Amino acid sequence: GAVVSQHPSWVICKSGTSVKIECRSLDFQATTMFWYRQFPKQSLMLMATSNEGSKATYEQGVEKDKFLINHASLTLSTLTVTSAHPEDSSFYICSAHVQEDEQYFGPGTRLTVT
Amino acid sequence: GESVGLHLPTLSVQEGDNSIINCAYSNSASDYFIWYKQESGKGPQFIIDIRSNMDKRQGQRVTVLLNKTVKHLSLQIAATQPGDSAVYFCAENWGGGNKLTFGTGTQLKVEL
């Protein structure tokens, strides 16, 4: 089956710094990837749609200047949390669209901002 | 199940019993539905899907039922095992562009 990886699996950073999270499709190409955020005991909330070679589309309420998304190739999308604050601490999950309606999810990245 | 605040609804079942997890979806225009299983600290794992032109679909030990009239989705797990313990989410695809909207989730606990 299709495999999606994320790096790092967890990261701790200081308030005010930026952190980059990578999402890779390992054995397939994905023109579209999605980024989700999940707070403890809550559901996944879609943040943005990442399209290869074009600008990301952000969901309402998500600050595009704070959450920078780059989909530079068909196998890699990155999410950069800029000027991170403790309230940005969350579980960030990406998914890759394969074909028709199929999506495969990455293992997630735990971000803790101190 | 419905969720209020930060508390996930919990379903506790005995090992070997059947489990039924419910989900109310939001948009009558949704045409594709998926059930995911999420273990602690991991990403969602696909379980089974169903399209809006069907009302039932069966997989290995799992069955999904769709009632479009009341916008209700259920996941039935037969002979529940300890390894089934996880949070289960339903998701719907309605907006086009393959975007998914997730339900609130249900914590399934399997008791030995």
Side-chain angles (χ1 to χ4, degrees), chain A residues 1-11 21 23-26 30-52 54-60 62 90-112, chain B residues 1-10 21 23-27 29-54 57 59 64 73 86-109:
Chain A
V3 178
V4 177
S5 71
Q6 285 185 237
H7 178 80
S9 56
W10 60 270
V11 57
I21 302 170
C23 176
R24 292 183 185 273
S25 56
L26 296 187
T31 55
T32 303
M33 292 182 174
F34 301 91
W35 287 96
Y36 297 82
R37 179 168 51 182
Q38 185 179 31
F39 293 107
K41 301 290 186 182
Q42 295 190 34
S43 187
L44 283 76
M45 296 298 295
L46 179 65
M47 299 175 66
T49 302
S50 171
N51 297 298
E52 187 268 337
S54 64
K55 292 183 179 180
T57 304
Y58 291 82
E59 295 300 302
Q60 190 173 8
V62 178
S90 189
F91 194 49
Y92 291 86
I93 306 170
C94 72
S95 71
H97 174 240
V98 182
Q99 60 183 2
E100 295 187 3
D101 297 313
E102 292 183 37
Q103 279 189 43
Y104 290 88
F105 285 81
T109 297
R110 174 75 59 192
L111 170 63
T112 302
Chain B
E2 298 294 329
S3 175
V4 178
L6 300 180
H7 301 283
L8 278 174
T10 299
I21 300 171
C23 174
Y25 63 91
S26 58
N27 197 307
S30 294
D31 57 4
Y32 179 59
F33 305 88
I34 315 102
W35 279 101
Y36 289 97
K37 172 185 180 183
Q38 186 180 29
E39 296 175 305
S40 182
K42 297 184 179 180
Q45 176 187 355
F46 174 92
I47 301 174
I48 192 168
D49 59 0
I50 189 169
R51 297 194 179 278
S52 58
N53 60 354
M54 304 172 68
R57 191 164 188 223
V64 54
L73 200 64
V87 178
Y88 289 80
F89 292 98
C90 66
E92 60 183 304
N93 182 336
W94 62 271
N98 302 296
K99 295 200 297 185
L100 296 177
T101 300
F102 280 78
T104 52
T106 297
Q107 173 84 55
L108 175 64
K109 293 185 177 179

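Chain A is the first sequence line, chain B the second, and so forth, proteins listed ahead of strands; every chain is numbered from 1. Keep in mind that this is a model prediction, so the values were computed, not measured.
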**Message:** Quick check against the 3.5 Å criterion: does B:Arg51 have a side-chain atom that pairs as donor or acceptor with the backbone of B:Asp31?
**Reply:**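 Not confirmed, B:Arg51 side chain does not pair with B:Asp31 backbone.
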
**Exam field: side chain B:Glu92 to backbone B:Ser26, donor-acceptor pair closer than 3.5 Å** =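 Yes: the side chain of B:Glu92 pairs with the backbone of B:Ser26.
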
Which atoms of [X] are under 4.5 Å from chain A, going by heavy atoms: the side chain, the backbone, both sets, or neither?
X       : result
B:Phe46 : neither
B:Gln38 : side chain
B:Ile34 : neither

**Message:** Quick check on A:Leu44 against chain B: is it the side chain, the backbone, both or neither that has a heavy atom closer than 4.5 Å?
**Reply:**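 Backbone plus side chain of A:Leu44, per the 4.5 Å heavy-atom cut-off to chain B.
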
**Message:** Please classify the contact of A:Glu59 with chain B as side chain, backbone, both or neither, using a heavy-atom distance under 4.5 Å.
**Reply:**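 The side chain, not the backbone.
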
**Request:** First locate atom CD1 of A:Ile93, then atom CG of A:Leu46, and finally report the distance between them rounded to the nearest 0.5 Å.
**Result:**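 That separation rounds to 11.5 Å.
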
**Message:** Is it the case that the ring center of A:Phe105 lies less than 6.0 angstrom away from the ring center of A:Tyr36?
**Reply:**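 Ring centroids of A:Tyr36 and A:Phe105 are less than 6.0 Å from each other.
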
**Item:** Worked verdict on B:Gln45 versus B:Tyr36 for side-chain contact (heavy atoms from CB on, under 4.5 Å)
**Value:** CA-CA 5 Å; B:Gln45 176 187 355; B:Tyr36 289 97; 5.8 Å; no

